[in-house]
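The structure appears right after this line, and notes come after that.
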Amino acid sequence: MNNIFVYIEMEGGKVADVSLELLTKGRELATTLGVKLEAVVLGHNLAGIDKELSLYGTDTVWVADDPMFSPFRTLPHTAVMCGLIEQEKPQIVLFGATPVGRDFAPRVSSALHSGLTADCTQLEIGDHKDAKTGTEYKNLLYQIRPAFGGNIIATIVNPDHRPQMATVREGVMRKEYAAQPGAGEVRAIDWKKMVTDADLVVTIIDRQIEERKIDIKGAGIIVAGGYGMGSKENFRLVHELADVLGGEVGASRAAVDAGFTEHARQVGQTGVTVRPKLYIACGISGQIQHTAGMDQSSMVISINSDPEAPINKIADYAITGDVNEIIPKMIKYYKQNSK
């Protein structure tokens, strides 16, 4: 009762990275609250999954293993998740903000009248006092996310309805093994009493899935270009610097919208979240929509003609000047000194 649930999304027979990231954060939250961390897996051929999930501190693994649940279909998944939540009454339920999670979580939230905060960038436990009534609440989930087009960071709480539900984008949270593995106790979900014929009206005839051709999520070095690069031709300098450093190319939304590079390279609130060891921001102003996707980088170097650019506030090193002059000098220097 009143534990923390994390929905485990499966991709090609493997646990999605975002689910493991949520287990890492879930373990932290569960420890703070003094409750158990429980994973919910709906799929097929799930034998042994408990061993992997226990490494991330999972105490209980709820499993519904049947061909019906693979591939994902909204209605049966919703029916089972709602049934299990009503049965076990967790206080917090977390989903990945993936295409599956964005389809699935709102349906569960709506059915349970619980409320849902989408695309959170932070999750914390804290107290809250209602300014109107003076009522004080203890140990609520702070659901933190950019709001109003990314111009502010909002902290959202749900004092009265349970469970508290949130989705989190891939890459926002760290993914790491727990200090001590969880018990990983497997418990079968009695899903047959939860699924009705009406939940099976949709049949998947065929699926076409294209693998990502560009994936910068796990890169150790990222050189990112913004609108300040000036043109698609100038943006090639970003590729050249990334090549000599052995890194990947990223971009701001403004650069992508201007046609300088592909959307798959977009870093930020509406792109991917990255945590490289080195992030070089070239001609990027550093609005919160962008920094939300890279502010966990180990080292940030900014190159910008504006010394007051917001990116400089989070940069470890700020170089003021014309990116189209500075980048060639960096490339030349690196080549001369890396032999």
Side-chain angles (χ1 to χ4, degrees), residues 17-18 20-22 24-25 28-29 94 96-98 117-126 141-156 166-176 215-229 238 241-242 245 247-257 261 263-320 323:
D17 281 349
V18 68
L20 300 178
E21 293 163 7
L22 287 175
T24 301
K25 172 54 70 170
E28 177 187 320
L29 298 176
L94 304 176
T98 63
T117 302
D119 289 345
C120 293
T121 55
Q122 291 177 261
L123 299 172
E124 298 174 5
I125 300 299
L141 179 66
Y142 286 1
Q143 301 156 63
I144 303 169
R145 56 152 297 159
F148 292 99
N151 292 312
I152 65 169
I153 297 295
T155 299
I156 300 167
T167 66
V168 178
R169 291 175 55 224
E170 184 177 4
V172 171
M173 307 295 180
R174 291 176 291 107
K175 180 185 74 173
E176 60 185 25
D215 188 0
I216 67 172
K217 181 181 63 177
I221 298 174
I222 294 177
V223 182
Y227 189 73
M229 292 305 301
V238 176
L241 181 56
L245 295 177
E248 275 284 0
V249 172
S252 68
R253 177 171 179 172
V256 172
D257 289 348
T261 190
H263 179 268
R265 298 191 182 279
Q266 183 175 319
V267 175
Q269 185 181 350
T270 53
V272 297
T273 300
V274 295
R275 296 168 176 267
K277 294 180 180 178
L278 173 61
Y279 190 91
I280 304 178
C282 307
I284 295 175
S285 63
Q287 298 300 320
I288 194 171
Q289 295 94 327
H290 182 76
T291 58
M294 48 68 67
D295 59 3
Q296 297 299 309
S297 304
S298 299
M299 179 178 288
V300 177
I301 298 174
S302 70
I303 307 172
N304 202 292
S305 59
D306 179 7
E308 302 300 322
I311 192 71
N312 292 342
K313 295 179 181 179
I314 65 169
D316 297 282
Y317 299 95
I319 302 172
T320 302
V323 287

>> side-chain contact (heavy atoms from CB on, under 4.5 Å), that's the test. Do E124 and T155 meet it? Break it down for me.
In response: CA-CA 10 Å; E124 298 174 5; T155 299; over 6 Å; no
>> Would you compute the distance between atom CG of N312 and atom CD1 of I301 and round it to the nearest 0.5 angstrom?
In response: 12.0 Å
> So how far is it from I311 CD1 to Y279 OH, rounded to the nearest 0.5 Å?
Replying inline: 7.0 Å
> Backbone N or O of V172 within a donor-acceptor pair of the R275 side chain at under 3.5 Å?
Replying inline: yes
> Can any side-chain N or O of E21 pair as donor or acceptor with the backbone N or O of E170 at less than 3.5 Å?
Replying inline: no
> Between V274 and S297, what is the shortest heavy-atom contact and its length?
Replying inline: O-OG, 4.4 Å
>> The test is side-chain contact (heavy atoms from CB on, under 4.5 Å); show your working for V267 and H290 and say whether it passes.
In response: CA-CA 6 Å; V267 175; H290 182 76; 3.8 Å; yes
> If every non-hydrogen atom of I153 is compared with every non-hydrogen atom of I144, which pair is closest and at what distance?
Replying inline: CG2-CG2, 3.4 Å
>> Does L141 form a side-chain contact (heavy atoms from CB on, under 4.5 Å) with I125? I'd like the steps, not just the answer.
In response: CA-CA 5 Å; L141 179 66; I125 300 299; 4.2 Å; yes
> Minimum heavy-atom separation for G220 to P276, with atom names?
Replying inline: O-CB, 3.4 Å
> Which heavy atom in S298 sits nearest to a heavy atom in D316, and how many Å separate them?
Replying inline: O-OD2, 3.9 Å
>> Quick check for you: to the nearest 0.5 Å, what is the distance between I222 atom CD1 and I280 atom CD1?
In response: 10.5 Å
> How far apart are the C-alpha atoms of V223 and C282, what are their side-chain angles, what is the distance that settles it, and do they pass the side-chain contact (heavy atoms from CB on, under 4.5 Å) test?
Replying inline: CA-CA 7 Å; V223 182; C282 307; 3.8 Å; yes
> Which atoms form the tightest heavy-atom contact between G226 and S252, and what is the distance?
Replying inline: CA-OG, 3.3 Å
>> If I take atom CE from residue M173 and atom CG from residue L123, how far apart are they, to the nearest 0.5 angstrom?
In response: 4.0 Å
>> Determine whether a donor-acceptor pair (N or O, by modelled atom type, separation under 3.5 Å) exists between the side chain of R265 and the backbone of V249.
In response: yes
>> With a 3.5 Å distance limit and no angle check, can you tell me whether R145 reaches the backbone of A118 through a side-chain donor-acceptor pair?
In response: yes
>> Restricting to non-hydrogen atoms, name the atom on G286 and the atom on P310 that form the minimum distance, rounded to 0.1 Å.
In response: O-CB, 3.4 Å
> When rounded to the nearest 0.5 angstrom, what is the spacing between CD in E176 and CD in E28?
Replying inline: 9.0 Å
>> By the definition side-chain contact (heavy atoms from CB on, under 4.5 Å), identify the one residue from I156, V168, L94 that meets it with C120.
In response: V168
> Roughly how far, to the nearest 0.5 Å, is CD of Q143 from OG1 of T117?
Replying inline: 3.5 Å
> Any donor and acceptor pair, going by atom type alone, linking the side chain of T167 with main-chain N or O of D119 inside 3.5 Å?
Replying inline: yes
>> Is the shortest side-chain heavy-atom distance between I314 and M294 below 4.5 Å?
In response: yes
